[in-house]
K.L.:
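Here you go, one structure.
Letters A, B, ... are given to chains in the order of the sequence lines, protein chains preceding strands, and every chain is numbered from 1.
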Amino acid sequence: MSGSPGDEALPGMPSPPPPPPPVVARTPKHNERLPAERNPVASVAVDVSLPHLDRPFDYRVPVQLDEAAVVGARVRVRFAGRMVDGYVLDRTDTTEHEGRLQWLDKVVSSEPVLSPELATLCRTVADRYAGTLADVLRLALPPRHARVEKEPLPDAGPGPVAVPGPDAGSGWAAYPRGPAFLEALAGHRPAHAVWQALPGEDWARRLAEAARATLAADRGAVIVVPDRRDLDRLHAACVEVVGDEHVAALAADLGPAERYRRWLAVSRGRKRLAIGTRAAAFAPVRDPGLLVVWDDGDDSHTEPRAPYPHARDVLIARAHTSGAALLVAGITRTAEAEVLVRSGWAHPVVAERATVREHAPRVTAIGEDDRQLLRDPTARAARVPSVAFEAARAALAAARPVLVQVPRRGYLPAIACAQCREPARCRHCHGPLGIPAGTEDVPAPPTCRWCGRPATNYRCPACASPRLRATAVGAGRTAEELGRAFPQTVVRSSGGGSTILETVDAAPAIVVATPGAEPVADGGYGAALLLDGAALLARPELRAAEETVRRWFAAASLVRPAPDGGRVVVVAESNLPAVQALVRWDPAGHAGAELDARTELGLPPAVRMAALDGEPAALRDLVETAHLPDAADVLGPVELPPGTRLPGAEERTERAERTLVRVPRPVGRDLARALAQAQSIRGARREREPVRILLDPHDPL
DNA sequence: TGGAGTGCCCAA
DNA sequence: TGGGCACTCCAG
């Protein structure tokens with residue numbers, strides 16, 4: 001039906017002309033909107049991670065939202081037809097955009113979560129990793145929790161931190177440059193340091209002391225640790241040294257409300273010391289005076305989401321942009337930290353040799369083939385060389401616990417050529433071979449741990465021998481065997497399938513732990529046995545040596561000093577550089593040698609390297625599109641292990657390949673820019689086949 | 001998740 | 001030939 005009753009033709013009257021189409025009473029599309037009087041333009045970072053749209057977009061701010069749309073606020077805007085989230089980067093009164101601006105649709109919250117400083121940091125990180133700002137913002141900003149935001153602020157803002165007394169921070173006196181570093185913090189100087197903690201050092205307390213010196217100087221501090229365990233330890237130390245009211249512990253596993261609550265406390269300036277795992281590198285501490293990363297060799301510091309930044313590098317960038325001091329700390333030193341020292345950008349903070357000797361345990365290396373292994377039947381049963389066996393027995397006799405470090409389950413069991421020790425690899429994909437578990441009676445054939453293909457008729461590619469031997473024994477089995485070897489002693493396990501123990505008491509016990517899961521022993525272990533070192537060192541990764549050294553030192557650091565009888569036995573050939581470093585307790589020396597070796601081979605961090613992963617055609621396209629620096633060296637592509645998942649390519653089972661691009665460090669920035677630009681061009685061309693870009697990957701090989 | 005532009009189909 | 005409709009593309 002059309003028209004209204006009054007339109008109907010009257011009987012006997014000629015039909016009137018058809019009525020004009022009714023003027024639709026157009027309800028105003030939007031309630032009458034006027035632009036804000038001052039700064040009506042909001043520059044918005046939209047949450048769209050397409051590389052060709054990685055730039056701010058301008059929106060017109062209606063008066064109604066003028067007050068709410070503060071810089072840093074979360075907003076919703078219409079973008080390409082749909083509503084997307086975004087953040088106000090800036091408010092201005094002009095725009096470069098030539099078309100009509102869309103209205104800012106909604107201010108989700110006026111909480112200024114993205115400060116200009118944080119936005120700058122995120123932009124820098126995005127550029128460095130050839131990623132998008134949107135991706136980095138997702139890493140840096142926790143999801144909002146509306147109820148938490150409305151909670152009243154904790155009533156008393158933190159008062160000033162008491163200036164440390166003359167005795168405070170004296171733990172740093174064991175390091176010649178330690179006190180100077182703390183003075184720099186107190187004096188607002190942007191000192192950069194690389195610290196190697198002494199064996200047995202209460203590192204958490206030292207870091208808390210450094211934080212206190214910073215807070216006492218009215219600056220904030222950020223400390224990033226690899227995992228929850230270290231965070232708990234650090235948190236306890238910070239509460240004690242700095243005071244609970246200043247500390248916010250940020251961890252991923254808190255739950256959305258608590259996570260946002262603590263993050264807000266930092267953002268609002270209520271807490272000036274943010275500690276946490278990798279995402280805490282972005283913690284919005286105001287006016288930061290100190291940034292710390294502990295144990296930067298732990299690969300937990302690498303964010304697994306695009307663009308895969310490393311907490312150390314985030315903090316280095318932040319130190320540059322904020323003028324804060326930086327401390328890269330650990331028991332051992334990474335090759336990356338060595339670069340900082342060698343370039344003169346950071347000062348080493350290390351103890352004198354004499355101090356090291358007072359604190360370090362006595363380290364003995366013993367080759368696996370050592371004849372002693374075969375002579376002692378008990379030791380042989382436990383696959384533990386007799387020197388190690390004796391060290392354990394002596395420690396137990398002195399009523400002290402013994403730590404046994406066995407490689408993580410994931411690496412086991414590994415096998416190698418029985419004749420020349422070349423690690424056995426799959427002939428198809430070059431993945432490591434292992435023996436599948438659960439076949440006690442009927443041994444299964446060696447099988448590739450990457451592609452799962454059985455290796456029948458294996459022959460060593462180096463020496464042609466068909467014989468294989470296990471180079472490592474699983475944690476559970478080692479524990480079992482040691483229990484048999486020391487029947488009256490308690491055997492406890494930590495990690496590798498068992499619950500991770502935080503601490504053990506001073507009573508005699510054998511503690512079998514996987515790397516990273518070693519409990520701290522009250523008073524220190526009497527001895528530590530580091531098993532299967534050869535297997536760790538023989539791993540084909542770039543960081544095999546660095547990683548092995550890191551694990552060995554971490555375990556050995558829990559042992560009593562040599563003057564108190566502490567002993568470490570490492571089962572590995574004593575002429576290996578990694579073993580030498582442990583025997584001499586020289587982590588810095590090892591880092592130097594490692595960096596030299598990588599310089600020789602043209603591997604990171606001596607060079608900047610990008611790993612490009614993707615389906616072959618897409619990879620080729622990206623490399624051809626990119627205006628790579630002249631000095632760029634393109635390697636590959638090589639096939640990635642089957643089953644490698646590329647983000648955004650869930651459906652596709654195409655083989656994935658990896659191309660490596662390396663450049664001299666000074667043009668690393670150009671490499672990242674060229675790759676980001678190529679991604680952007682591909683995006684604009686609607687090339688949907690993704691290529692993942694990893695800059696300075698933890699393991700490029 | 002909206003609006004504009006494009007191209008195809010079918011009725012006149 | 002042109003209007004209607006479905007589909008794609010753009011991105012403030």
K.L.:
Need two values: the first and the last nucleotide of DNA chain C, 5' to 3', having an atom under 4.0 Å from any heavy-atom of chain A.
P.N.:
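It runs C:dC10 to C:dG12.
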K.L.:
When you compare the side chain of A:His97 with that of A:Val41, does any pair of heavy atoms fall below 4.5 Å?
P.N.:
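Heavy-atom side-chain distance check fails, nothing below 4.5 Å.
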K.L.:
State which residue, out of A:Val293, A:Leu291, A:Val194, fulfils the side chain to side chain contact (heavy atoms under 4.5 Å, CB included) condition with A:Leu326.
P.N.:
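For A:Leu326, the side chain to side chain contact (heavy atoms under 4.5 Å, CB included) check succeeds only for A:Leu291.
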K.L.:
Given salt bridge (Lys or Arg N to Asp or Glu O under 4.0 Å), test A:Asp105 with A:Arg76 step by step and report yes or no.
P.N.:
CA-CA 6 Å; A:Asp105 209 79; A:Arg76 277 183 80 74; over 6 Å; no
K.L.:
Taking any heavy-atom pair under 4.0 Å as a contact, classify A:Arg686: base, sugar-phosphate, or nothing.
P.N.:
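Since a base atom lies under 4.0 Å of A:Arg686, the category is base.
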K.L.:
Could you check whether the rings of A:Phe57 and A:Phe79 sit parallel, tilted or perpendicular, using 30° and 60° as the cut-offs?
P.N.:
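Because their plane-to-plane angle is over 60°, the rings of A:Phe57 and A:Phe79 count as perpendicular.
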K.L.:
Taking the six-membered ring for Trp, is the centroid-to-centroid distance between A:His145 and A:Trp263 below 6.0 Å?
P.N.:
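Not close enough - the centres of the two rings lie 6.0 Å or further apart.
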K.L.:
I need the CZ-P distance between A:Arg78 and B:dG2, as an integer number of Å.
P.N.:
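Result: 6 Å.
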K.L.:
Check the pair A:Thr302, A:Asp299 against side-chain hydrogen bond (donor to acceptor under 3.5 Å, both in side chains), reporting the backbone distance first and the verdict last.
P.N.:
CA-CA 5 Å; A:Thr302 304; A:Asp299 72 353; over 6 Å; no
K.L.:
With heavy-atom distances below 4.5 Å as the criterion, would you say the side chains of A:Val125 and A:Arg318 are in contact?
P.N.:
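No, every pair of side-chain atoms sits at 4.5 Å or beyond.
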K.L.:
Dot-bracket for DNA chain C, 5' to 3', counting Watson-Crick or G-U wobble pairs under 3.5 Å, with [ ] for crossing pairs and | for inter-strand pairs?
P.N.:
||||||||||..
K.L.:
To the nearest 0.5 Å, tell me how far A:Asp613 CG sits from A:Leu640 CG.
P.N.:
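Atom-to-atom, A:Asp613:CG and A:Leu640:CG are 5.0 Å apart.
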